[in-house]
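First the proteins, then the strands, lettered A, B, ... as listed; each starts at 1. Model, not experiment: these values are computed from the prediction.
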There are 2 protein chains.
Amino acid sequence: MVVYAGQGDPRRSIELLWRASAAEKRPGPKPGLSVDAIVDAAIEVADEQGMAFSMRAVGERLGRTAMALYTYVPGKNELVDLMYDRAMAEVPTSYDLGEGWRPAVTRWAHDMWECYRRHPWVLQVSQARPVLGPHEFAVTEALAAILVSTGLPGRRLRGIVGAINYFVRGAAQTVAEARAAGGATGQADEEWWYARSAVLIEVEPDLEKKFPMLHVLEQDREPVDPELPYLENDAVENFRGGLKVLLDGVEGAVAKP
Amino acid sequence: MVVYAGQGDPRRSIELLWRASAAEKRPGPKPGLSVDAIVDAAIEVADEQGMAFSMRAVGERLGRTAMALYTYVPGKNELVDLMYDRAMAEVPTSYDLGEGWRPAVTRWAHDMWECYRRHPWVLQVSQARPVLGPHEFAVTEALAAILVSTGLPGRRLRGIVGAINYFVRGAAQTVAEARAAGGATGQADEEWWYARSAVLIEVEPDLEKKFPMLHVLEQDREPVDPELPYLENDAVENFRGGLKVLLDGVEGAVAKP
DNA sequence: TGCGACTCCTTACGCCGTAAAGTAACCTTG
DNA sequence: CAAGGTTACTTTACGGCGTAAGGAGTCGCA
């Protein structure tokens with residue numbers, strides 16, 4: 001429910017993200033934990049329980065109390081930023097341009113999509129205020145490097161980068177939340193959908209007449225992967241179709257700049 | 001932090017959304033509140049405080065306790081669904097196709113964008129499991145009605161509808177969170193950005209060499225509206241540029257189906 | 001050997017959503 | 001008109017959360 005955006009001390013946050021720690025000899029007991037260990041544990045917990053993971057849960061996974069984490073990390077906001085940047089580290093940062101920009105962008109989009117699916121909580125980290133970690137930079141740099149090869153000016157590229165980013169995020173969000181919701185309640189997508197739509201038809205029998213165009217949208221469905229649940233199937237189909245249209249638009253911009 | 005998605009009794013949720021209440025004569029004291037009044041108050045609170053509004057705050061605004069709300073609404077999840085659908089009611093549902101589909105889609109996108117900016121918390125309501133309220137249907141119906149006029153088959157349209165939706169949401173989210181974050185900490189966007197980037201340059205002086213393509217993206221900036229804060233300005237520019245590319249793609253699909 | 005820095009713990013505070021139970025208002029029935 | 005059941009709303013309480021404050025034990029260095 002809370003929008004997560006780093007709000008604490010900027011210096012502390014940035015130094016943590018870039019691991020700019022002066023590793024001097026220091027007195028006191030040897031640290032039993034490390035920022036990396038905490039971030040790893042937190043990601044594990046978040047992968048299982050979603051963004052509503054708690055500091056207590058992370059501490060418990062490490063055999064410590066919640067308060068022990070505050071020795072390494074200023075607070076939950078900053079921890080989330082660190083988790084975000086670590087997740088971005090999983091995405092490749094170099095793409096072969098041998099076959100042109102389009103296959104490269106497509107691969108980038110798929111890699112991002114996969115990362116979002118492995119770590120759905122990433123989609124709930126604020127985008128407006130970039131986390132400004134090294135791997136977030138690297139990921140955007142990778143997309144920028146591909147698109148700069150089109151020769152388009154920066155002015156055009158910014159909109160395109162934004163559009164591709166928004167699209168991949170949005171498409172991934174649809175699946176991620178379908179899974180998260182299903183997992184939280186133990187209800188499969190189909191069950192959820194069925195229960196709702198059954199009541200809906202009962203309450204509003206004229207649904208198709210009131211919204212005829214939505215019905216047109218439903219025509220012509222073909223299964224993408226029969227293994228996947230209903231909503232997920234939908235999202236994969238939309239992802240492919242939408243990305244194609246989006247890249248067609250980019251192609252148009254490249255052709256006539 | 002919690003992903004909001006209606007999880008309670010499907011019947012109760014749907015009936016509330018469609019206001020399918022049997023208004024019979026009933027014993028007991030007269031209701032001092034109503035679902036509508038509660039939704040209105042909750043939207044006011046959420047517009048000010050973001051999605052982290054509390055039931056207690058909503059109750060207080062109505063001169064009641066938090067628990068009083070539970071007479072009208074099963075829980076916070078369901079209240080959020082109702083708020084979402086009420087917000088969607090602000091978006092126009094009919095667009096003139098006299099000049100073709102493209103200006104109409106552009107207007108739809110701008111109207112959605114405006115709605116998201118009035119009610120940033122809407123962007124945090126789960127999209128995977130649609131709320132299934134009447135106004136959410138109407139909004140999607142409006143976009144579908146415009147796009148069906150292109151003559152494209154449902155298969156193609158689904159991806160396009162998704163892409164447009166994701167794009168508008170994503171672009172709006174960028175601004176919304178910039179504002180929310182600024183409001184929460186009392187920091188203006190510029191201040192936040194300045195504090196961070198100053199430390200960043202200090203910690204990583206070779207930033208431009210490490211990520212040269214990002215630098216290309218920054219070239220060629222022109223002010224859109226000098227009244228708007230920095231990040232918001234950015235987002236508006238990206239919105240316009242991205243939407244253009246996206247619709248170019250749709251145009252390509254229409255030309256050669 | 002002792003001091004100060006350090007890790008980690010316990011406790012506690014003020015939030016949150018909401019379950020449970022009580023009180024007062026009102027309509028229906030006798 | 002009185003009794004009883006239904007409803008609106010309150011108070012209280014529970015278990016969660018993030019994290020502030022302070023204390024206990026551990027280590028490097030003087």
Side-chain angles (χ1 to χ4, degrees), chain A residues 1-9 12 21-35 37-38 41-42 45-46 49-83 121 184-185, chain B residues 1-9 12 21-38 41-42 45-46 49-83 121 124 184-185:
Chain A
M1 211 61 142
V2 175
V3 180
Y4 266 77
Q7 289 160 353
D9 177 22
R12 181 83 190 275
S21 61
E24 343 116 44
K25 281 255 164 183
R26 294 192 289 118
K30 276 171 190 159
L33 297 178
S34 67
V35 174
I38 290 174
V45 176
Q49 318 196 353
M51 191 53 120
F53 77 96
S54 71
M55 296 297 271
R56 283 170 173 89
V58 176
E60 198 168 354
R61 179 166 295 241
L62 294 162
R64 304 290 139 92
T65 64
M67 290 312 292
L69 309 180
Y70 286 83
T71 312
Y72 301 86
V73 153
K76 195 183 180 185
N77 286 335
E78 289 79 1
L79 176 55
V80 168
D81 281 356
L82 290 168
M83 291 162 64
W121 47 268
T185 55
Chain B
M1 212 61 145
V2 176
V3 180
Y4 266 76
Q7 289 160 350
D9 176 22
R12 181 83 190 275
S21 61
E24 341 116 43
K25 281 254 162 180
R26 294 192 289 118
K30 277 171 189 158
L33 297 177
S34 66
V35 173
D36 284 309
I38 290 174
V45 177
Q49 317 196 354
M51 191 54 121
F53 77 96
S54 71
M55 297 295 273
R56 283 170 173 88
V58 176
E60 198 168 352
R61 181 168 292 242
L62 294 163
R64 304 290 140 92
T65 63
M67 290 312 292
L69 309 179
Y70 286 82
T71 313
Y72 301 86
V73 153
K76 197 183 179 186
N77 286 335
E78 288 80 0
L79 176 55
V80 169
D81 282 356
L82 290 168
M83 291 162 65
W121 47 268
Q124 271 162 269
T185 56

Can you tell me how far [atom2] of [N] sits from [atom1] of [X], to the nearest Å?
| X | N | atom1 | atom2 | answer |
| --- | --- | --- | --- | --- |
| L33(B) | dA25(C) | CG | P | 17 Å |
| E78(A) | dG18(D) | CD | C1' | 12 Å |
| M67(B) | dT10(D) | CE | P | 11 Å |
| Y70(A) | dG23(D) | OH | P | 21 Å |
| L79(B) | dT18(C) | CG | P | 10 Å |
| R56(A) | dT19(D) | CZ | C1' | 9 Å |
| L62(B) | dC9(D) | CG | C1' | 13 Å |
| K30(A) | dG25(D) | NZ | C1' | 16 Å |

Spacing of [X] atom [atom1] and [Y] atom [atom2] [to the nearest 0.5 Å]:
| X | Y | atom1 | atom2 | answer |
| --- | --- | --- | --- | --- |
| D36(B) | Y72(B) | CG | OH | 12.0 Å |
| E78(A) | L69(A) | CD | CG | 13.0 Å |
| M83(B) | F53(B) | CE | CZ | 4.0 Å |
| M55(B) | E60(B) | CE | CD | 14.0 Å |

Identify whether any heavy atom of [X] sits under 4.0 Å from a base atom; if not, whether one sits that close to sugar-phosphate; answer base, sugar-phosphate or nothing.
| X | answer |
| --- | --- |
| S54(B) | sugar-phosphate |
| M55(A) | sugar-phosphate |
| A68(B) | base |

Where the side chain of [X] is concerned, which of [options] is the nearest nucleotide?
| X | options | result |
| --- | --- | --- |
| R26(A) | dC9(D), dT7(D), dT7(C) | dT7(C) |
| R64(A) | dT7(C), dA19(C), dC9(C) | dC9(C) |
| T65(B) | dT10(C), dT11(D), dA5(C) | dT11(D) |
| P31(A) | dT7(C), dA5(C), dG18(D) | dT7(C) |

*If you pin A66(B) and P29(B) to their nearest nucleotides in DNA chain D, which one's is more 5'?*
P29(B)
*Is the closest side-chain heavy-atom distance between Q124(B) and V80(B) below 4.5 Å?*
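No, too far: nothing below the 4.5 Å cut-off.
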